[in-house]
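Mind having a look at this structure? Questions to follow.
The chain is numbered in sequence order, starting from 1. The shown structure was predicted, so the numbers you read here are calculated from the model rather than taken from an experiment.
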Amino acid sequence: MKLAGLLPLLALIACAGSPPPPVPAAAPAAPPPPAAVSAWQPVVHPFPVLDSAGRDLTLAFVGGFNVPRPQLADLDGDGQLDLTIHEWGGRMIGFRREGVTAEGLPAFSLLSWRWAGLDVGEWSRFADLDGDGDLDLMAEWPFSYLRYLRNDGTAAAPRYVALPDTLRGSDDTPIFADRQNIPQLGDVNCDGRPDLLIGRVTGVILRYELVEGSERTPRFRLADDHWQGLTIVTGQGSMHGANTMAIVDADGDGDHDLVWGDFFEAGLLWFQNQGSCTAPALSPEAVRFPPGDPVVTSGYNAPAFGDLDGDGRQDLVVGVLGGAYDPNRTSVVNLHYYAGSPDGRFTRRTGRLLPVLDVGSESVPALLDLDGDGDLDLLLGSKIDPLRRSTGLIHRLENVGTARRPAFRMTGQLPLAGAYHLAPTGADLDDDGRADLLVGSFGASVAWYRDGLLVDSALVTIPRGSNTTPALGDLDGDGDLDLLVGEASGALNHYRNDGTPTAPRFVLVTETYGGIDVGRRSAPALADLDGDGDLDLLVGSDDEGLQLFRNAGNRTAPQFARDTTVHFDLPPISAPAVGDLDGDGVPEIVVGGIGGGAVLLRK
């Protein structure tokens, strides 16, 4: 189960421990993901994408973030800290430090869509466990065990080799960590050897020591089953839940403190070390961190400390996973950066450290010439507005460039409200020379808008199901546009247009078009993807990615067959739109997803 899907369940299990699952069988290192043999490959910044203030989003098409789990580590051996974000699919997306922005913030470029080709489960931690000067990895082995990936390469060119078994204690018992809790590695007593800390949903912390001589094949001894006597309670003083932590000298006094994030805590809790580096004594009373300007979010905050600006002081990056306090409101502003200052304070500089396109959750794109100027504009529908949580929104990115040299700028939202999970598509339905808009939603209907005004709130209503996602195309070659509607079940509804090019009338033909079923949340798009003059079909889904169905028939009698040789490596709840953005005759594919952003695929 993905962490994004796991989070809604945490409130149910946060006050009770989880029994260990069966021990996984010994296995070799996790294989790399399937080869993406698709001719379309992701590109992050092929043209300017400007926010509403005119700032270029240089990482526009990364896909957006809902549950970013950050780590700061030198990924390329150049001596400065880079950033990984664990968002979905067992991967870490790697970002290389590239100096500073005009606003004085750390600047990043994309280093890797899937760092080192690894599958790291629901969490990972960098640390030099074998003492050879490069970063090894500890990661989750589904479900809730620990995998060690030793770096047998170098700091500049890592090569990870996974042990063929879960990590075990000195008594040969597998070490278990509830997968919603993110363990931490750190030298908590300054003996030169990393310790392993695992938080439990009971509010206590287990401390394991690395057994001497086991660096190449780590074994840990349970040293303390109630580390420092801490029992961490949050919320109203009695709640404890999914957690993450950092071991860091937060006050610059030379010893290690504990900073804790919890499902039931809107901020971060700082347990100050009142002892010394070699004899830590953590205060039993927590202070909200940073003092004077504490983090306040929807909860379950993941801290990462490191010197990002090169001034010799600790900085702080906080990923908001979304806890007990309405995660919808932090579906956009969820990667905070606090700069350390000479007086020991941490100053919040931004809540969106990475300049990505992000409109919330479960974005659905549409490409159409909305303003009639001859180039394609981009719309992004969203599940729910983080600010006005009574509705989803459709965000407009106007093409302020040209049909051959596109440049997009966010220009607000369309004046449509009152529904969730908005799924737009567009075309000229009535032959008046202007693009119309069809909008699916959480319900069973598809609405029709002309020039921003509602024409019909239920142009079609699928016989059963919800999460309507429409796509238009002339499926029978008669000169008017027919309609496919995706839905929650994963099937496709086919409506034939029995009207005219100026007065559409959609008639249901079948609820199971072509026998296609993609599992859940089907999201279709029709376009000629191979240049043979007939329509092909893309169908996005919840957890089966994006599937290509090539037309083995013709433009008047299509026959769609799944092309299993094509693999698109995309976020969950994928939803495609197709259009020729640069006028070269080859279409691009824009794909929305669970993170609320977009991925651009280009040949």
Side-chain angles (χ1 to χ4, degrees), residues 34 36-40 364 366-367 423 425-427 429 438 440 446 459-460 462-465 467-501 504-568 570 574-580 585-591 601 603:
V37 298
S38 166
W40 289 273
V364 179
L367 291 169
T425 192
L429 273 179
L438 297 189
V446 175
L459 178 66
V460 300
I462 60 176
R464 54 188 172 183
N467 280 113
T468 53
T469 306
L472 290 163
D474 185 0
L475 285 169
D476 50 14
D478 65 352
D480 55 32
L481 294 171
D482 305 297
L483 178 63
L484 294 181
V485 182
E487 58 163 284
S489 75
L492 297 176
N493 298 264
H494 173 211
Y495 290 84
R496 185 181 61 244
N497 188 347
D498 282 353
T500 68
R505 182 171 64 88
F506 293 104
V507 176
L508 180 65
V509 177
T510 178
E511 302 170 48
T512 56
Y513 182 66
I516 293 170
D517 187 338
V518 295
R520 288 190 67 251
R521 298 287 296 274
S522 52
L526 288 162
D528 182 5
L529 293 170
D530 49 17
D532 64 353
D534 55 34
L535 292 177
D536 303 297
L537 173 64
L538 287 169
V539 186
S541 65
D542 181 356
D543 58 4
E544 296 297 324
L546 184 63
Q547 300 180 18
L548 171 62
F549 295 83
R550 295 192 186 274
N551 190 346
N554 53 52
R555 58 187 301 272
T556 61
Q559 296 178 7
F560 293 112
R562 171 84 187 278
D563 187 341
T564 58
T565 68
V566 175
H567 171 77
F568 299 98
L570 292 166
S574 295
V578 182
D580 184 2
V586 180
E588 281 76 36
I589 304 172
V590 178
V591 187
L601 303 173
K603 280 189 175 180

So does R562 have more than 12 non-hydrogen atoms from other groups sitting under 6.0 Å from CZ?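 Atom CZ in R562 is crowded, with more than 12 foreign heavy atoms closer than 6.0 Å.
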
Looking at CG of D563 and CG of D530, how far apart are the two atoms once the value is rounded to the nearest 0.5 Å?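 Nearest 0.5 Å value for the CG-CG distance: 9.5 Å.
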
Report the C-alpha separation of V578 and E588 in whole Å, then their side-chain angles, then the decisive distance to 0.1 Å, and conclude whether the side chain to side chain contact (heavy atoms under 4.5 Å, CB included) test is met. CA-CA 6 Å; V578 182; E588 281 76 36; over 6 Å; no

How close do A366 and T425 get, counting heavy atoms only, and between which atoms?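 For A366 and T425, the tightest heavy-atom pair comes out as CB-CA, 3.9 Å.
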
Can you name the ring-ring contact (aromatic ring centres under 6.0 Å, His included) partners of Y513, sequence neighbours left out?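 Once residues adjacent in sequence are excluded, the partners of Y513 under the ring-ring contact (aromatic ring centres under 6.0 Å, His included) criterion are H494.
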
Kindly indicate whether the side chain of W40, heavy atoms from C-beta on, has any atom under 4.5 Å from the side chain of V566.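 Of all side-chain heavy-atom pairs linking V566 with W40, none is under 4.5 Å.
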
What residue among N551, L526, L529 forms side-chain contact (heavy atoms from CB on, under 4.5 Å) with L537?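 Answer after filtering N551, L526, L529: L526.
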
What are the two closest non-hydrogen atoms of G553 and D534, and how far apart are they?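 Between these two residues, the closest heavy atoms are O-OD2, 3.7 Å.
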
Look up atom CG in L472 and atom OH in Y495, then write down how far apart they are to the nearest 0.5 Å.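 With rounding to 0.5 Å, CG (L472) is 13.0 Å from OH (Y495).
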
Nearest atoms (heavy-atom pairs only) where L508 meets P463: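 Heavy-atom minimum between the residues: CD2-CG, 3.5 Å.
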
Considering all heavy atoms of both residues, which atom of S574 and which atom of A523 are nearest to each other, and what is their separation?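 Closest pair (atom of S574, atom of A523, distance): O-CB, 3.8 Å.
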
To the nearest 0.5 Å, how far apart are CG in D532 and CZ in R555?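 The CG atom of D532 sits 11.5 Å away from the CZ atom of R555.
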
Verify, without hydrogens or angle tests, whether N493 (side chain) and V485 (backbone) share a donor-acceptor contact under 3.5 angstrom.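 It does hold such a pair.
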
Of the options L538, L484, I516, which is the one that meets P524 in a side-chain contact (heavy atoms from CB on, under 4.5 Å)?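 Only one of L538, L484, I516 forms a side-chain contact (heavy atoms from CB on, under 4.5 Å) with P524, namely L484.
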
Return yes if some donor-acceptor pair links the side-chain N/O of N497 with the main-chain N/O of R505 below 3.5 Å, else return no.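 It does hold such a pair.
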
Measure the CG-OG1 distance between L492 and T512 for me, rounded to the nearest 0.5 Å.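 Here the interatomic distance stands at 9.5 Å.
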
Would you call R496 and D476 a salt bridge, using N to O less than 4.0 angstrom?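 Between D476 and R496 there is no salt bridge, as every charged N stays at least 4.0 Å from the carboxylate O atoms.
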
Give me the atom names and distance for the closest heavy-atom approach of F568 to L601.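 Looking at all heavy atoms of both residues, the closest pair is CD2-CD1, 3.6 Å.
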
Please report the shortest heavy-atom distance between P504 and L429, naming the atom on each side.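 Where P504 meets L429 most closely, the heavy atoms are CD-O, 3.7 Å.
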
Got a sec, which residues hit side-chain hydrogen bond (donor to acceptor under 3.5 Å, both in side chains) with N554, two or more places apart in sequence or on another chain?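 Partners of N554 by the side-chain hydrogen bond (donor to acceptor under 3.5 Å, both in side chains) criterion, ordered by chain and then number, come out as T556.
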
Give a yes or no on whether the backbone of E487 and the side-chain of S522 come within a donor-acceptor separation of less than 3.5 Å.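 Side chain of S522 to backbone of E487: a pair is present.
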
Please check if the side chain of D482 supplies one atom and the backbone of L475 the other of a donor-acceptor pair under 3.5 Å.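 Side chain of D482 to backbone of L475: a pair is present.
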
Min side-chain heavy-atom separation L438-V460 under 4.5 Å: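 Side-chain contact under 4.5 Å: no.
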
Say you draw a straight line from OG1 of T469 to CZ of R521; how long is it, rounded to the nearest 0.5 Å?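 One gets 6.5 Å once the value is rounded to the nearest 0.5 Å.
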
